[in-house]
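None of these values were measured; they are calculated from a predicted model. Numbering starts at 1 and runs along the sequence shown.
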Amino acid sequence: MHAGNRRRALIIGGSLGGLFAGSALRAIGWDVDVFERSPATLESRGGGIVLQGDVVRAMQFAQTEFGHPLGVRSKDRLFLDPQGNELSRQYMPQTQTSWNTLYSTLKQAIPEENYHRGAKFVGFDEHVDGVTANFEDGRRANGDLLIGADGGNSTLRSLLLPDLNPSYSGYVVWCGLVDEPKLPDSARDQIYEHFVFQHDFESMMLEYMVPGVDGSIQRGRRRFNWLWYLKAHSGAELDTVLTDRYGVRRSHSVPPGAVAPSPEDWIRRMSKERLNPAFRALVDSTDDIFVQAIMDFQVPQMLFGRVLLLGDAAFIPRPHTAGSTAKAAANAVSLAQRIASMPNLEHALRQWEQQQLAEGMRMTDWGIGMGNQIMNIAQH
């Protein structure tokens, strides 16, 4: 038990999953320490996110102050053909936010002295009454609970389940962000404040607006966020896509500014051949394109004594579910609620795992089926 009879959670991963977990546990009176392996701040990472109810509920549960709208409201869903003709339109309002908006908002809930940058987690020791986390620089931290919220390439998960790894789906997503004033009027007029799709055989592109880099949702200061799903065969083709401009073969994504010239030239050329005029303008207006392989992953268990996995460390849903961030938020709130409502921590953790394991399986199975249908991939 931590000093002062307060329980303490050690959270590996300082991105959204770790912040959701940390803020939820702090809300029920736990002490929390978040360990992020990157020594730099993370504000500039990531792209657009559809704002789901679970995310808002997590912030409300943690009493996170946001005091301003978290995203941009879209109006209609439009489907365009490659020539830019409107195939269908449906009024379907929803809100889209961005990774950096959520990160900067959630980060406020964790005191700076409890958020540790440059902390590369390497292992742990479990005891009768808790767990000790070990770090590359020699640091050790003791707590009642160790939480792996370190994403799809989780170090903690690799220690717990060394024979389990994410599997490649057969396609990637190319992404970009364009400042609102930079897009030509001819393109802006058609897609402005709408959620827009172009769905072709084995390909889908979509676009929506998100807050600006500073979180602003004022007109003229927002950004257009686009994603283009395209197949890339395992082997040489995928290797080319994921090898960055420095010659490093990335495991699953190449961040903005690091895509190699050859694949970047290819995606820009494909946009001119295959996309409608508004979407071509989006790609042309993007300074830093980035790319991510679509991966699948499911764990058979989330709880290992006083150690647990949540968010993408446990389940990687396809992005078509718009559920990755929401799942991490729901994992965190459910964990805090179970712990707060039950005096026996071990019993609370087992009940939490039973519910969240089923939810994770359901979401990832749904996403696999939906993604394979969109991309015309045969089901196995």
Checklist entry - After noting the C-alpha distance and the side-chain angles of Arg249 and Asp239, does the key distance pass the salt bridge (charged side-chain N to carboxylate O under 4.0 Å, His left out) rule? => result CA-CA 7 Å; Arg249 204 296 194 176; Asp239 289 342; 2.9 Å; yes

Checklist entry - Would Asp54 and Val333 satisfy side-chain contact (heavy atoms from CB on, under 4.5 Å), going step by step from the backbone distance to the final call? => result CA-CA 9 Å; Asp54 282 329; Val333 171; over 6 Å; no

Next on the checklist: Before you tell me yes or no, could you show the steps for Glu193 and Arg219 under salt bridge (charged side-chain N to carboxylate O under 4.0 Å, His left out), namely the whole-Å CA-CA distance, both residues' side-chain angles and the distance that decides it to 0.1 Å?
Outcome noted: CA-CA 10 Å; Glu193 294 184 340; Arg219 292 193 175 192; 3.4 Å; yes

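In terms of modelled atom types and a separation under 3.5 Å, the side chain of Ser334 and the main chain of Ala330 share no donor-acceptor contact. Distance alone, capped at 3.5 Å, places no donor-acceptor pair between the Arg222 side chain and the Glu180 backbone. Put simply, the side chain of Asp214 gets close to the backbone of Ser216: a donor and an acceptor are under 3.5 Å apart. Listed for the Arg117 side chain is no donor-acceptor partner under 3.5 Å among the backbone atoms of Ser38. Side chain of Asn225 to backbone of Gly48: a donor-acceptor contact under 3.5 angstrom is found. Remark: the backbone N or O of Arg338 is paired with a side-chain donor or acceptor of Ser341 at under 3.5 angstrom. Between the side chain of Gln301 and the backbone N or O of Leu303 there is at least one donor-acceptor pair closer than 3.5 Å. A distance-only check finds no donor-acceptor pair linking the side chain of Ser253 to the backbone of Val291 [under 3.5 Å]. Side-chain atoms of Asp76 do not come within 3.5 Å of backbone N or O of His194 as any donor-acceptor pair. A donor-acceptor pair is defined here as one N or O able to donate and one able to accept, closer than 3.5 Å; no such pair exists between the side chain of Asn276 and the backbone of Leu80.
Between Val178 and Leu183, the closest heavy-atom pair is CG1-N, 4.3 Å. Here the closest heavy-atom approach between residue Ser15 and residue Glu36 is recorded as N-OE1, 3.9 Å.
Residues Ile11 and Tyr115 have side chains not in contact (no heavy-atom distance under 4.5 Å, counting atoms from C-beta outward). Contact of the Trp226 side chain with the Phe279 side chain is not registered, since no non-hydrogen atoms from C-beta on lie closer than 4.5 Å. By the 4.5 Å heavy-atom criterion applied to side chains, Tyr208 and Phe224 are not counted as neighbours. Considering only heavy atoms from C-beta on, Gln52 stays 4.5 Å or farther from Lys327 through its side chain. With contacts defined as side-chain heavy-atom distances shorter than 4.5 Å, the pair Trp174/Ile289 qualifies.
Between Arg8 and the options Asp144, Asp33, Asp31, a salt bridge (charged side-chain N to carboxylate O under 4.0 Å, His left out) holds for only Asp33.
Salt-bridge annotation for Arg318 and Asp296: present, with a side-chain N of the basic residue lying under 4.0 Å from a carboxylate O of the acidic one. Under the 4.0 Å criterion applied to side-chain N and carboxylate O atoms, Asp137 and Lys120 are not assigned as salt-bridge partners. The pair Arg37-Asp150 fails the salt-bridge criterion, with no side-chain N (NZ, NE, NH1 or NH2) lying under 4.0 Å from an Asp/Glu carboxylate O. At a threshold of 4.0 Å, the pair Lys107-Glu112 counts as salt-bridged, since one of the basic side-chain nitrogens sits closer than that to a carboxylate oxygen.
Within 6.0 Å of CD in Glu237 there are more than 12 heavy atoms belonging to other residues, nucleotides or ligands. Atom CD of Glu86 sits in a crowded spot, with more than 12 heavy atoms from other residues, nucleotides or ligands closer than 6.0 Å.
Under the side-chain contact (heavy atoms from CB on, under 4.5 Å) criterion, Ser324 pairs with Asp312, Pro317, not counting sequence neighbours. Partners of Asp287 under the salt bridge (Lys or Arg N to Asp or Glu O under 4.0 Å) rule, at least two apart in sequence or in another chain, are Lys182. Every residue two or more places apart in sequence or in another chain was checked for a salt bridge (Lys or Arg N to Asp or Glu O under 4.0 Å) with Arg26, and none qualifies. Taking the salt bridge (Lys or Arg N to Asp or Glu O under 4.0 Å) definition, one finds that Asp265 meets it with nothing, sequence neighbours left out.
Of the inter-residue distances, the one linking Arg250 atom CZ with Gln292 atom CD reads 12.5 Å to the nearest 0.5 angstrom.
Both tests do not hold together for Arg77 against Tyr91: distance to the six-membered ring centre under 6.0 Å, angle to the ring axis within 45°.
Sorted by first and then second residue, the pairs that involve residues 345-357 and meet salt bridge (charged side-chain N to carboxylate O under 4.0 Å, His left out), not counting sequence neighbours, are Arg306-Glu346. Sorted by first and then second residue, the pairs that involve residues 311-360 and meet ring-ring contact (aromatic ring centres under 6.0 Å, His included), not counting sequence neighbours, are Tyr171-His320, Tyr229-His320.
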